[in-house]
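A quick write-up on the structure given underneath.
Quick note on labels: first sequence line is chain A, next is B, and so on, each numbered from 1.
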Protein chains: 2
Amino acid sequence: MPITADYIRIADEIVADIRAGRFAPGAKLPSITQLAATHKVSPSTVKQVYVRLEALRVIRRHQGKGVFVNDPKLWMREP
Amino acid sequence: MPITADYIRIADEIVADIRAGRFAPGAKLPSITQLAATHKVSPSTVKQVYVRLEALRVIRRHQGKGVFVNDPKLWMREP
DNA sequence: CCACATTTGTCCGTATGTATC
DNA sequence: AGATACATACGGACAAATGTG
């Protein structure tokens, strides 16, 4: 049974949170520092989470402002 | 005109290479060390390239073997 | 306008582990 | 056994954008 990497697990949790409505489209996600603290990982790891979610178009990163949830219509898809 | 980050520029070049047929589906991409050398960036930056391309499903990373091109049908799309 | 704190952006270097050849 | 290659995580350094006072 493979253990999932932190940066993928955390990314998946954020996607699940969005799908569950715990983060609305346009909402600001926790800062890198905060997320690192709550998940007990380094800021570098959280940055990688956000790089991944940005590639998936789940979020937009905005330097100096924060990280924001994209409209799910932009990224939701089957499979 | 904003300058693009290395890890995005390199990722885009690889996608362009695939679209142009310079890398066929299933082909093995250059190793991280090689790609870092030819682009004059650090291995860390190339890893970030591959994390991004994996999220976009352009490639599969296979520990100990290499990085391979996915079938474009898996990831090509109109935005 | 300026100073400051906060936040993300990018890149680098290192350490350790695991898989493959 | 040894070499090669990717996997993950961490830490640091500096830049750039933003907001506040």
Side-chain angles (χ1 to χ4, degrees), chain A residues 1-18 22-71 74-75, chain B residues 1-18 22-71 74-75:
Chain A
M1 188 180 82
I3 48 177
T4 307
D6 286 348
Y7 80 97
I8 293 183
R9 184 177 46 75
I10 296 172
D12 287 349
E13 287 178 16
I14 291 174
V15 170
D17 284 343
I18 296 171
R22 289 188 284 276
F23 290 120
K28 183 177 181 300
L29 291 178
S31 77
I32 290 176
T33 306
Q34 282 182 346
L35 211 54
T38 62
H39 282 89
K40 299 195 195 310
V41 296
S42 77
S44 307
T45 299
V46 176
K47 286 176 196 175
Q48 202 165 20
V49 170
Y50 281 160
V51 166
R52 178 178 167 85
L53 289 179
E54 184 181 52
L56 295 172
R57 303 203 296 183
V58 172
I59 58 165
R60 290 188 315 282
R61 299 186 293 158
H62 222 300
Q63 189 170 350
K65 292 177 67 177
V67 175
F68 301 88
V69 179
N70 274 334
D71 190 325
L74 201 56
W75 52 271
Chain B
M1 191 176 83
I3 48 176
T4 307
D6 286 348
Y7 79 99
I8 293 183
R9 182 176 46 76
I10 296 172
D12 287 349
E13 288 178 14
I14 291 174
V15 170
D17 284 344
I18 297 172
R22 289 186 285 275
F23 290 121
K28 183 177 182 299
L29 292 178
S31 77
I32 291 177
T33 306
Q34 281 183 347
L35 212 53
T38 62
H39 282 89
K40 298 194 195 311
V41 297
S42 77
S44 307
T45 299
V46 176
K47 285 174 199 169
Q48 203 165 20
V49 170
Y50 281 161
V51 165
R52 178 179 169 85
L53 290 179
E54 184 179 52
L56 295 172
R57 304 203 296 183
V58 173
I59 58 166
R60 291 187 317 282
R61 298 186 293 157
H62 224 302
Q63 189 171 351
K65 291 178 65 176
V67 175
F68 301 88
V69 178
N70 273 334
D71 190 326
L74 202 58
W75 53 271

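Taking atom NE2 of B/His62 as the reference point, atom P of C/dT18 lies 17 Å away to the nearest angstrom. Per the geometry, CZ belonging to B/Arg52 stands 12 Å off P belonging to C/dG9, to the nearest Å. As rounded to whole Å, 12 Å separates atom P of C/dG9 from atom CG of A/Leu29.
Considering all non-hydrogen atoms of both residues, B/Ala36 and B/Pro43 come closest at CB-N, 3.8 Å. When every heavy atom of B/Arg22 is checked against every heavy atom of B/Ala16, the shortest pair comes out as NH2-O, 4.0 Å. A pairwise comparison of heavy atoms in A/Lys28 and A/Gly66 identifies CE-CA, 4.0 Å as the closest pair. Here the shortest heavy-atom pairing between A/Leu74 and A/Arg57 reads O-NH2, 3.4 Å.
B/Tyr50 comes within 4.0 angstrom of nothing in the nucleic acid, heavy atoms only. Residue A/Thr45 is in sugar-phosphate contact alone, with no base atom involved, counting any heavy-atom pair closer than 4.0 Å across all strands shown.
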### Message
What verdict does the side-chain contact (heavy atoms from CB on, under 4.5 Å) test give for B/Leu53 and B/Val15, after you've listed the backbone C-alpha separation in whole Å, the side-chain angles of each residue and the deciding distance to 0.1 Å?
### Response
CA-CA 9 Å; B/Leu53 290 179; B/Val15 170; 3.8 Å; yes
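The side chain to side chain donor-acceptor pair (under 3.5 Å) check on A/Tyr7 picks up B/Arg61, with sequence neighbours excluded.
Taking 3.5 Å as the limit, the base of C/dT10 and the side chain of A/Lys47 contain a donor-acceptor pair of atoms between them.
Looking at B/Ile59 and B/Phe23, their side chains never come closer than 4.5 Å, going by heavy atoms from C-beta outward.
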Grab the N/O contacts between the protein and nucleotides 2-7 of chain C below 3.5 Å, and write none if there aren't any.
{"from": "C/dT7", "atom 1": "O2", "to": "A/Gly64", "atom 2": "N", "distance (Å)": "3.4"}

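A salt bridge is absent between B/Asp12 and B/Arg9: the closest approach of a Lys/Arg side-chain nitrogen to an acidic carboxylate oxygen does not fall below 4.0 angstrom.
In 5' to 3' order, the nucleotides of DNA chain D bounding all contacts with chain B (an atom under 4.0 Å from a heavy atom) are D/dA5 to D/dT8.
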